[in-house]
Amino acid sequence: AVNALPAPGEDREFSETFPAFRAATADAADRIAALIQRVGRHRGLGPTGPLDTGPTRHESLYERVVDISDRLLEQVDLVHDAAQGHANTTQRTAPGAEDGAAAGDAARKRLLRPQSQWHQDVDNTDAPFVPKLKHKPNAIVPLDLAMSQAAASAERAASALSDGSGPGPADVGPGPAQQHLQDHVRSLGLLDGQGAGANASSAYCFGHPYDAELVQFEPSEAQLAAPPERLYRPLHETPCAWVDTPEALEAMAADLARVPEFAMDLEHHSLHSYRGFTCLIQVSTRERDYLVDPLPLRAHLWRLNDACTDPRVTKVLHGADSDVLWLQRDFGVYLVGLFDTGQAARVLGLPSYGLSYMLKHFCGVQTDKKYQLADWRLRPLTHDMRRYALTDTHYLLYVYDRLKRLLTEAETERRARPRGGPGSEGGPGDGETLLQHVWRRSAQVARQCYRVVPFQADAHRLLLAKQAGAPL
């Protein structure tokens with residue numbers, strides 16, 4: 001029988017013409033299918049259902065192996081997290097958890113797949129990104145009607161797919177959102193890259209909804225002043241609010257509208273997600289800290305635009321390049337009046353541009369880098385995770401004060417020595433101070449526009465080439 005099998009390397013279609021090969025593969029498939037059924041039942045993964053017996057039998061078997069393997073590995077993650085003290089109380093107290101494996105499996109999915117609770121499904125296709133912005137506070141240029149229509153159409157299409165009333169994924173063609181998108185960019189002359197600038201893709205995409213406001217942004221006298229440094233309160237003495245309801249979010253938004261500046265940071269998860277999603281937002285004022293849980297508030301966080309797009313309210317972030325894009329993609333939130341402390345560090349030419357260096361240098365605070373790769377989907381957060389997250393913003397307004405003072409002092413020295421002065425990455429323009437230069441660079445960071453990067457099967461070759469230092 002072995003001699004009757006085709007030699008290795010021959011095409012499968014040709015191999016299937018051999019009766020002995022067909023019998024051997026069919027027998028192996030039956031044994032694998034039975035093993036999968038037993039493993040699934042033993043681990044309480046619920047009914048697996050019958051496998052296809054038609055032409056797609058092998059594809060169905062492959063998908064079953066992948067599904068069971070993924071679910072088993074997720075159970076391993078749960079056990080490991082519990083052993084490390086990261087067990088999730090929602091899972092332990094989930095209603096009906098005592099009813100058996102099905103309830104436990106549902107709780108596990110709520111922990112590891114928070115996307116399932118979002119009203120608007122995540123779009124993992126390569127379709128151009130449609131901004132979620134439907135209302136534009138603090139506008140100089142009104143929100144384009146086509147952009148608003150496209151966002152509404154995308155939401156309706158996503159809702160129809162999620163509740164089963166719309167066509168299946170295989171039946172979806174160019175929908176109304178896509179048509180609005182094309183009509184909009186055609187009217188702007190951006191189709192097929194015509195006139196596309198830094199905020200447009202090589203094909204077509206929406207421009208930045210707040211681009212006009214960012215281009216016209218000029219820091220106020222208060223934002224250019226260097227007042228006396230205001231020392232931060234001890235972390236353990238500062239009130240901290242956990243924000244996970246619309247009411248708590250409204251209260252926080254009202255507080256942010258009353259302050260002249262606040263610090264912000266995001267924690268992102270991408271290990272078990274195709275494009276990733278924001279799992280935590282940290283916000284700090286001079287008087288209190290906030291930890292915002294965006295998982296249940298994803299559809300409500302646009303409310304932050306009132307403060308985030310107010311040019312009179314300074315938003316202090318560090319290394320905001322990714323944060324700007326995540327806010328746009330996940331919540332439709334934009335930043336006007338951004339001060340990026342990472343850009344300030346570059347203009348000053350500090351020994352390091354990292355936040356950990358500045359926290360140590362200015363505040364004497366040592367950060368634990370192990371939480372940079374923590375699983376921020378976990379709820380509740382551990383004490384150490386909460387402390388790490390708060391550290392990123394609690395001290396940042398004081399760092400902002402110190403950097404403004406250093407920039408002002410460096411500007412005085414630069415004027416005394418026109419050909420000298422700090423700055424390792426470019427310099428200010430004519431008549432521009434160092435502090436104004438940082439504000440301008442920060443505005444350029446905020447002008448970034450999120451766009452979908454289409455999947456490329458050979459993209460890994462670029463990473464290999466970059467690692468090797470030479471093209472393949």
Side-chain angles (χ1 to χ4, degrees), residues 128-155 176-224 253 256-257 260-262 264 300-315 317 320-321 323-340 343 429 432 436 438-452:
F129 174 71
V130 178
K132 297 182 178 181
L133 190 68
K134 304 178 187 65
H135 308 284
K136 188 180 177 185
N138 304 303
I140 296 177
V141 177
L143 183 65
D144 188 275
L145 177 61
M147 183 178 294
S148 179
Q149 291 175 332
S153 297
E155 184 173 7
Q178 187 78 357
Q179 188 60 51
H180 282 306
L181 177 63
Q182 296 188 38
D183 292 344
H184 175 70
V185 295
R186 185 178 288 108
S187 69
L188 298 179
L190 298 181
L191 197 60
D192 300 325
Q194 299 176 10
N199 291 332
S201 68
S202 58
Y204 52 85
C205 75
F206 276 115
H208 197 300
Y210 278 91
D211 196 63
E213 287 75 12
L214 288 166
V215 169
Q216 299 184 42
F217 171 75
E218 291 291 341
S220 65
E221 292 185 6
Q223 290 169 323
L224 290 173
L256 297 184
E261 67 271 313
F262 62 86
M264 176 183 283
H300 302 274
L301 285 168
W302 58 268
R303 180 68 177 81
L304 295 178
N305 273 322
D306 286 342
C308 285
T309 62
D310 187 343
R312 298 166 299 178
V313 179
T314 300
K315 278 67 65 175
L317 286 83
D321 300 77
D323 301 290
V324 163
L325 300 180
W326 296 338
L327 287 169
Q328 295 177 21
R329 179 198 64 193
D330 293 344
F331 317 118
V333 171
Y334 296 83
L335 300 178
V336 179
L338 166 68
F339 187 96
D340 190 329
Q343 296 299 325
E432 188 179 49
Q436 288 173 324
V438 172
W439 279 107
R440 181 167 61 84
R441 288 173 63 124
S442 300
Q444 290 299 320
V445 173
R447 288 186 70 195
Q448 293 181 101
C449 193
Y450 177 76
R451 69 192 58 143
V452 173

Between [atom1] of [X] and [atom2] of [Y], what distance do you get to the nearest 0.5 Å?
{"X": "L327", "Y": "L317", "atom1": "CG", "atom2": "CG", "answer": "7.5 Å"}
{"X": "E432", "Y": "W439", "atom1": "CD", "atom2": "CH2", "answer": "13.0 Å"}
{"X": "L133", "Y": "F331", "atom1": "CG", "atom2": "CZ", "answer": "14.5 Å"}
{"X": "T309", "Y": "H135", "atom1": "OG1", "atom2": "NE2", "answer": "13.0 Å"}
{"X": "K136", "Y": "Y334", "atom1": "NZ", "atom2": "OH", "answer": "10.0 Å"}
{"X": "K315", "Y": "D310", "atom1": "NZ", "atom2": "CG", "answer": "6.0 Å"}

- Query: Under 3.5 Å, is there a donor-acceptor pair linking the side chains of Q223 and T314?
  - Reply: yes
Indicate yes or no for a side-chain donor-acceptor contact from [X] to the backbone of [Y] under 3.5 Å, with no hydrogens or angles considered.
{"X": "D211", "Y": "R447", "answer": "no"}
{"X": "Q448", "Y": "D321", "answer": "yes"}
{"X": "Q343", "Y": "R441", "answer": "no"}

Least distance between heavy atoms, [X] atom then [Y] atom:
{"X": "V452", "Y": "P128", "value": "CG2-C, 4.4 Å"}
{"X": "A446", "Y": "V324", "value": "O-CG1, 3.9 Å"}
{"X": "A320", "Y": "V445", "value": "C-CG1, 3.9 Å"}
{"X": "V313", "Y": "A307", "value": "CB-O, 4.0 Å"}
{"X": "E213", "Y": "V141", "value": "OE2-N, 3.0 Å"}
{"X": "G332", "Y": "N305", "value": "O-ND2, 2.8 Å"}

- Message: Determine whether D323 and M264 satisfy the following criterion, side-chain contact (heavy atoms from CB on, under 4.5 Å), listing intermediate values before the conclusion.
- Response: CA-CA 9 Å; D323 301 290; M264 176 183 283; over 6 Å; no
- Task: Determine whether F262 and C308 make a side-chain contact, defined as any pair of heavy atoms from C-beta on separated by less than 4.5 Å.
- Result: yes
- Item | Heavy-atom neighbours of R312 CZ exceed 12 at 6.0 Å | no
